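All figures in this text were calculated on a predicted structure; none of them were measured in a lab. Values below: all heavy atoms of this structure, side chains included; hydrogens, waters and symmetry mates excluded. Order of listing sets the numbers, starting from 1, for every ligand and every atom in it.
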Amino acid sequence: NKGKYEHYMQKEIHEQPESVTTTMRGRLIRGGSCKAKTVLLGGLKDHLKTIRRSRRIVFVGCGTSYNAALAARSIVEELSGIPVTMEIASDLLDRQGPIYREDTAVFVSQSGETADTLLALEYALENGALCVGITNTVGSAIARHTHCGVHINAGCEIGVASTKAYTSQIVVMAMLALAIGGDTLSNQARREAIIDGLFDLPRKVKEVLKLDEEMKDLAKLLIAEQSLLVFGRGYNYATALEGALKVKEVALMHSEGILAGEMKHGPLALVDENLPIVVIATRDSCFSKQQSVIQQLHARKGRLIVMCTQGDAASVSVGGTSRVIEVPQVADCLQPVINVVPLQLLAYHLTVLRGYNVDQPRNLAKSVTTQ
Ligand code: UD1
Ligand code: F6R
């Protein structure tokens with residue numbers, strides 16, 4: 001049932017304040033005056049000791065689920081102190097990459113039925129790794145075959161393009177980082193800031209959804225373009241990949257997410273006064289580097305659309321050429337949850353305006369059960 005919405009993708013984008021709330025329900029503990037705020041993931045509590053002892057955490061997924069894991073990679077590394085490596089499921093299988101008994105392999109999948117991810121899981125089980133699932137589907141193959149895991153509880157996702165599952169996956173992996181990371185005195189303030197950020201997230205997601213009309217206007221401007229680049233780095237490299245994936249899969253427009261640190265190593269050659277470029281430059285430790293990326297793109301007359309933190313429009317604008325999207329600020333590691341929303345809205349409106357099928361893009365299936 002689409003309710004008041006025209007398409008499932010639209011409904012699922014607008015549902016995100018509620019879906020991230022149900023993802024966190026019962027799992028965040030506020031703590032009294034003397035008790036610290038904490039996270040409780042029922043499905044992992046008996047395995048946390050083993051995970052903490054592992055030599056490496058390997059995230060495995062495809063498409064949007066891979067991007068969600070990439071968004072969470074650095075907070076998991078920071079809070080756990082364990083190196084995290086990333087694997088696209090098919091590539092791990094193609095290479096028969098090394099997986100060891102001392103590894104914790106985390107399989108991220110909305111459907112829980114993706115063939116490549118499932119085969120990678122079987123491969124990791126054979127190699128003796130502890131296998132953890134992060135899925136939206138209770139009773140799915142990945143939920144059943146993993147040793148333990150977390151259901152993201154985002155509710156059924158019907159649109160082929162994954163939206164609310166993506167944001168809930170990031171929330172679960174941020175909670176996973178808090179659960180694995182020890183509660184030491186030195187990181188207490190950081191942990192509390194992230195937990196406060198999680199409590200605050202539904203309200204901020206609601207706020208960023210108010211950009212709907214603005215994104216529709218932007219879509220009108222981009223309707224006839226051949227291509228769209230999205231530059232991000234740090235926590236928001238994943239946002240660039242995911243925004244570009246949404247645009248290509250539903251709006252059927254070529255789009256590429258680019259790690260801003262790689263700009264000078266090739267992509268800069270594409271920049272001219274015609275090609276539209278989204279630059280994600282919200283506040284975090286990479287902000288000043290992104291400011292200089294904006295300067296350099298501007299110097300090549302790039303057609304810029306800059307996403308920045310509310311109140312930062314003046315610090316990111318260069319001349320009259322750029323458009324600015326201002327988004328609310330949250331804890332840095334949760335910012336990808338906010339930043340992806342305007343890009344989901346942009347992809348949605350672009351698709352409708354270009355007259356394509358939003359909920360069932362050509363050639364794609366919701367659950368990819370063949371290799
Ligand atoms: C569980 C209940 C939930 C209840 C809550 C109350 C289920 C599905 N969940 O939620 O209804 O409100 O307790 O305490 O009954 N698992 C995997 N692989 C996966 C995902 C999950 O093995 O990919 C396992 C977990 O290790 C766990 C079980 O499935 O043993 C349920 O996981 P999850 O729903 O995340 O657990 P809770 O949040 O504790
Ligand atoms: C993108 C999309 C796909 C899936 C991918 C993995 O919007 O839907 O890229 O993310 O096929 O699917 P799951 O998460 O079900 O394993």
Side-chain angles (χ1 to χ4, degrees), residues 8-9 12-13 22-29 39-48 50-51 59-71 87-90 104-121 124-125 130-154 156-173 175-176 179 238 241-251 255 257 340 343-344 347-348 351 358-361 363-371:
Y8 284 109
M9 181 184 181
E12 287 159 3
I13 292 171
T22 54
T23 297
M24 294 186 283
R25 183 162 297 142
R27 291 168 166 174
L28 284 185
I29 294 149
V39 163
L40 184 89
L41 294 171
L44 291 188
K45 63 178 190 314
D46 298 335
H47 297 85
L48 282 176
T50 318
I51 299 174
F59 276 133
V60 187
C62 306
T64 291
S65 294
Y66 174 89
N67 292 343
L70 185 64
E87 293 284 357
I88 290 176
S90 64
T104 293
V106 181
F107 297 84
V108 187
S109 173
Q110 189 286 129
S111 62
E113 303 289 349
T114 300
D116 287 323
T117 312
L118 192 54
L119 287 166
L121 165 59
L125 287 169
L130 175 72
C131 294
V132 178
I134 295 181
T135 172
N136 197 28
T137 317
V138 177
S140 62
I142 289 171
R144 284 183 282 114
H145 295 163
T146 41
H147 294 116
C148 60
V150 187
H151 290 114
I152 67 170
N153 301 338
C156 187
E157 192 180 63
I158 294 168
V160 165
S162 185
T163 52
K164 64 175 180 171
Y166 179 73
T167 45
S168 285
Q169 285 166 338
I170 298 175
V171 165
V172 161
M173 286 182 268
M175 292 195 289
L176 173 76
L241 295 183
E242 177 58 11
L245 178 57
K246 290 291 92 101
V247 168
K248 86 182 106 184
E249 75 174 325
V250 285
S255 187
V340 78
L343 303 177
Q344 294 171 340
Y348 170 76
T351 310
V358 181
D359 288 329
Q360 272 175 328
N363 310 337
L364 299 181
K366 181 67 184 160
S367 181
V368 185
T369 52
T370 54
Q371 266 191 299

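When all heavy atoms of V340 and Y166 are compared, the pair lying nearest together is CG2-CE2, 3.7 Å. Nearest heavy atom pair, residue T369 against residue E113, reads CG2-O, 3.6 Å.
Close N/O approach between T135 and ligand 1 is not found [any backbone or side-chain N/O within under 3.5 Å]. Taking distance alone, with nitrogen or oxygen atoms compared against 3.5 Å, T114 approaches ligand 2 more closely than that limit. For T146, a nitrogen or oxygen atom sits less than 3.5 Å from a nitrogen or oxygen atom of ligand 1, counting backbone and side chain alike.
Contact between R27 and ligand 1 is present, with at least one heavy atom of the residue lying under 4.0 Å from the ligand. At least one heavy atom of A161 sits closer than 4.0 Å to an atom of ligand 2.
At least one donor-acceptor pair under 3.5 Å links the side chain of E157 to the backbone N or O of A165. Of the possible polar contacts, one joining the T137 side chain to the Q110 backbone as a donor-acceptor pair under 3.5 Å is found. Side-chain atoms of K366 never come within 3.5 Å of backbone atoms of S111 as a donor-acceptor pair (strictly under, hydrogens ignored). Side-chain atoms of T23 come within 3.5 Å of backbone atoms of I152 as a donor-acceptor pair (strictly under, hydrogens ignored). Between the side chain of K164 and the backbone N or O of C156 there is at least one donor-acceptor pair closer than 3.5 Å. Side chain of S65 to backbone of G61: no donor-acceptor contact under 3.5 angstrom is found. Counting only distance, with no hydrogens or angles, the side chain of E12 and the backbone of G159 share a donor-acceptor pair below 3.5 Å. Using a distance-only test at 3.5 Å, with no hydrogens or angles considered, no donor-acceptor pair links the side chain of S90 to the main chain of D116. The main-chain N or O of V132 is never found under 3.5 Å from a side-chain atom of T146 such that the two would form a donor-acceptor pair. Under a 3.5 Å cut-off, the side chain of K246 and the backbone N or O of A347 do not form any donor-acceptor pair.
Residue E249 touches ligand 2 through its side chain alone, judged by heavy-atom distances below 4.0 Å. Neither the backbone nor the side chain of K366 comes within contact range of ligand 2; no heavy atom lies under 4.0 Å. Residue V160 touches ligand 2 through its backbone alone, judged by heavy-atom distances below 4.0 Å.
Taking every heavy atom of S162 and a limit of under 4.0 angstrom, the matching atoms of ligand 2 come to 7 (O), 8 (O). Short contacts between ligand 1 and G42, defined as distances under 4.0 Å to a heavy atom of the residue, involve ligand atoms 39 (O). Residue-ligand proximity, K246 to ligand 2, at heavy-atom distances under 4.0 Å covers atoms 1 (C), 7 (O). Using a 4.0 Å cut-off to heavy atoms of Q110, the atoms of ligand 2 that qualify are 13 (P), 14 (O), 15 (O), 16 (O). Heavy-atom contacts of T64 reach the following atoms of ligand 2: 1 (C), 2 (C), 7 (O), 9 (O), 10 (O) (cutoff under 4.0 Å). Atoms of ligand 2 found under 4.0 Å from any heavy atom of S65 (numbered from 1 in listed order, with element): 10 (O), 13 (P), 14 (O).
When the options G43, S140, A143 are ranked by their closest heavy atom to atom 19 (C) of ligand 1, first place goes to A143. Between G139, C131, S109, G149, it is G149 that holds the heavy atom closest to atom 16 (N) of ligand 1.
Taking a distance limit of 4.0 Å, we find that atom 2 (C) of ligand 1 is approached by no protein heavy atom. Within a 4.0 Å radius of atom 21 (C) of ligand 1, the protein contributes one or more non-hydrogen atoms. For atom 25 (C) of ligand 1, the protein comes within 4.0 Å by at least one heavy atom. Under the 4.0 Å distance rule, the nearest protein heavy atom to atom 31 (C) of ligand 1 falls inside the cut-off. Checking atom 39 (O) of ligand 1 against the protein gives a heavy-atom contact under 4.0 Å. Within a 4.0 Å radius of atom 14 (O) of ligand 1, the protein contributes no non-hydrogen atoms.
The closest side-chain heavy-atom distance from Q371 to L119 is below 4.5 Å.
Open room surrounds CD on Q360; 12 or fewer heavy atoms of other groups in view lie less than 6.0 Å from it.
Looking only at atom types and distance, the side chain of S162 has no donor-acceptor partner in the side chain of T64 under 3.5 Å away.
For atom 9 (N) of ligand 1, the closest heavy atom belonging to the protein is H151 ND1, 4.8 Å. Protein heavy atom nearest atom 11 (O) of ligand 2, with residue, atom name and distance: V368 CG2, 4.0 Å. Ranking the protein heavy atoms by distance from atom 5 (C) of ligand 2 puts C62 O, 3.7 Å first.
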